[in-house]
Amino acid sequence: MEKNTLLEVCVDSVESAVAAWRGGADRLELCANLVIGGTTPGLSLFRQVQKHCGLPIYVLIRPRYGDFLYTEEETQMMEEDIQSLTALGADGIVVGSLCADGMLDREKMKRFRQAAGDVPITLHRAFDMCREPERVMEEAIALGISTILTSGQAKNCREGAERIKQMICQAGDRISVLVGGGVNGENIPQLMQETKATWFHMSGKVSLKSGMLYRKAEVHMGIPGMDEYQILRTSEELVRQAKAALGRRSGLGN
């Protein structure tokens, strides 16, 4: 089990990054399009977050929405993105690739590991979609992956708490387990008690109203049914609450 605590906040804008920093986050996961689960951020967004925040930045590498079965062209794009972002100073890379049978695509992960050089890699929640999680964890360790981000293969971390506990036992000190999927200040104490986890990942999103005064309701530019005049941003207060909860429970024994 990790003896230290960590709160990572997933953000897709400069404004959210600043809110996470002010709220007490230890680290950022930077992406674009968090509303669809996150995609690779642009270089300009990375530079702006670097400029305005004094936190380590782990960058999500995901070329599109959907599954984690990538074509050769997509894989090459991901390798180039990893190289570009690590050259700009990314502190970590967050990535994952699966084979059609639900197992970890070790060959693609080797390529991503090589592209990242010495920069640590987190295997993201593609892990939660894999077929044999115990085996995949061992494969990730063998590949030199530093961290697995997981909800315990459930729709949220509360429902996946038992598997998270099992994962932490299996991991020992060989790989870090970062708990995500519905983490907040209210459930962190119970999750720490039940699973012995000390590393947590959250977005802390709230919905803000658009500043647009003129609105053409009959025209839609995005996903049908999604309100285009609502903006999702990280809440400084929600991050602060989570950080406080993590601090209150950090004295737990092994």
Side-chain angles (χ1 to χ4, degrees), residues 1-31 34-35 37-38 41 45-46 48-60 89-94 120 122 124-125 128 146-152 154 156-161 164-165 167-168 171 173 175-208 231-254:
M1 188 189 76
E2 294 291 341
K3 292 182 172 59
N4 58 321
T5 61
L6 181 134
L7 181 63
E8 178 182 88
V9 179
C10 186
V11 300
D12 63 358
S13 68
V14 176
E15 293 82 1
S16 287
V18 171
W21 184 26
R22 290 176 176 169
D26 299 302
R27 189 169 83 194
L28 300 176
E29 182 194 308
L30 182 64
C31 66
L34 190 52
V35 71
L45 174 58
F46 178 83
Q48 285 296 313
V49 171
Q50 260 190 329
K51 177 180 177 181
H52 292 284
C53 288
L55 291 175
I57 305 171
Y58 278 44
V59 183
L60 176 66
D91 297 285
I93 295 296
V94 183
T122 296
H124 59 42
R125 290 188 64 201
D128 288 329
S146 301
T147 304
I148 295 176
L149 171 62
T150 182
S151 63
N156 61 60
C157 57
R158 288 295 313 128
E159 294 189 12
I164 291 168
K165 179 180 179 180
M167 289 178 62
I168 289 171
D173 60 1
I175 193 168
S176 300
V177 176
L178 178 61
V179 179
V183 167
N184 56 52
E186 293 183 0
N187 60 30
I188 283 176
Q190 187 173 3
L191 286 164
M192 294 183 79
Q193 184 69 49
E194 291 179 2
T195 71
K196 307 306 180 188
T198 58
W199 281 26
F200 293 90
H201 169 102
M202 68 181 296
S203 64
K205 297 187 300 294
V206 294
S207 181
L208 305 176
I231 299 171
L232 295 178
R233 292 267 170 81
T234 295
S235 163
E236 179 179 337
E237 181 55 31
L238 291 179
V239 174
R240 185 174 290 111
Q241 290 172 11
K243 183 68 171 181
L246 190 58
R248 287 196 300 270
R249 301 299 297 171
S250 62
L252 286 174
N254 292 339

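- Between His52 and Trp21 there is no side-chain heavy-atom pair separated by less than 4.5 Å.
- The backbone N or O of Ile57 sits less than 3.5 Å from a side-chain atom of Asp91, completing a donor-acceptor pair.
- For the residue pair Leu232 and Asp12, the shortest heavy atom distance occurs at O-OD1, 4.5 Å.
- Considering all non-hydrogen atoms of both residues, Ala25 and Val239 come closest at N-CG1, 3.9 Å.
- Counting only heavy atoms from C-beta outward, the side chains of Thr147 and Trp199 approach each other to under 4.5 Å.
- The two residues Val183 and Met202 make their nearest non-hydrogen contact at O-CB, 3.6 Å.
- Counting heavy atoms from C-beta on, the side chains of Val59 and Pro41 come closer than 4.5 Å.
- Between the side chain of Ser16 and the backbone N or O of Arg233, no donor-acceptor pair lies under 3.5 Å.
- Looking at heavy atoms from C-beta onward, Leu178 lies in side-chain contact with Leu6 at the 4.5 angstrom threshold.
- In this structure, Ser151 OG and Glu159 CD are separated by 9.0 Å, a value rounded to the nearest 0.5 Å.
- Rounded to the nearest 0.5 Å, atoms CD (Gln50) and CG (Leu45) are 10.5 Å apart.
- Put simply, OG on Ser146 and CD1 on Ile175 are 7.5 Å apart, with the number rounded to the nearest 0.5 Å.
- Side chain of Thr122 to backbone of His124: no donor-acceptor contact under 3.5 angstrom is found.
- In this structure, a donor-acceptor pair under 3.5 Å is present between the side chains of Asp128 and Thr150.
- Note: Thr195 OG1 to Ile164 CD1 = 6.0 Å, rounded to the nearest 0.5 Å.
- Minimum heavy-atom separation, Glu194 to Ala161: OE1-CB, 3.7 Å.
- Note that the OG atom of Ser235 and the CG atom of Asn184 stand 11.5 Å from one another [nearest 0.5 Å].
- Residues Asp26 and Leu55 form no side-chain contact, since every pair of their non-hydrogen atoms from C-beta on lies 4.5 Å or further apart.
- Put simply, the side chain of Asn187 never gets that close to the backbone of Arg158: no donor and acceptor are under 3.5 Å apart.
- Note on Lys243 versus Glu236: no salt bridge recorded, every NZ/NE/NH1/NH2 to OD/OE distance being 4.0 Å or above.
- Annotation: the span from Cys53 atom SG to Arg22 atom CZ amounts to 8.5 Å, rounded to 0.5 Å.
- Listed here is the closest heavy atom pair of Thr234 and Cys10: OG1-O, 3.9 Å.
- Minimum heavy-atom separation, Leu60 to Cys31: CD2-CB, 3.7 Å.
- A 4.5 Å side-chain heavy-atom check between Leu149 and Glu29 finds at least one atom pair inside the cut-off.
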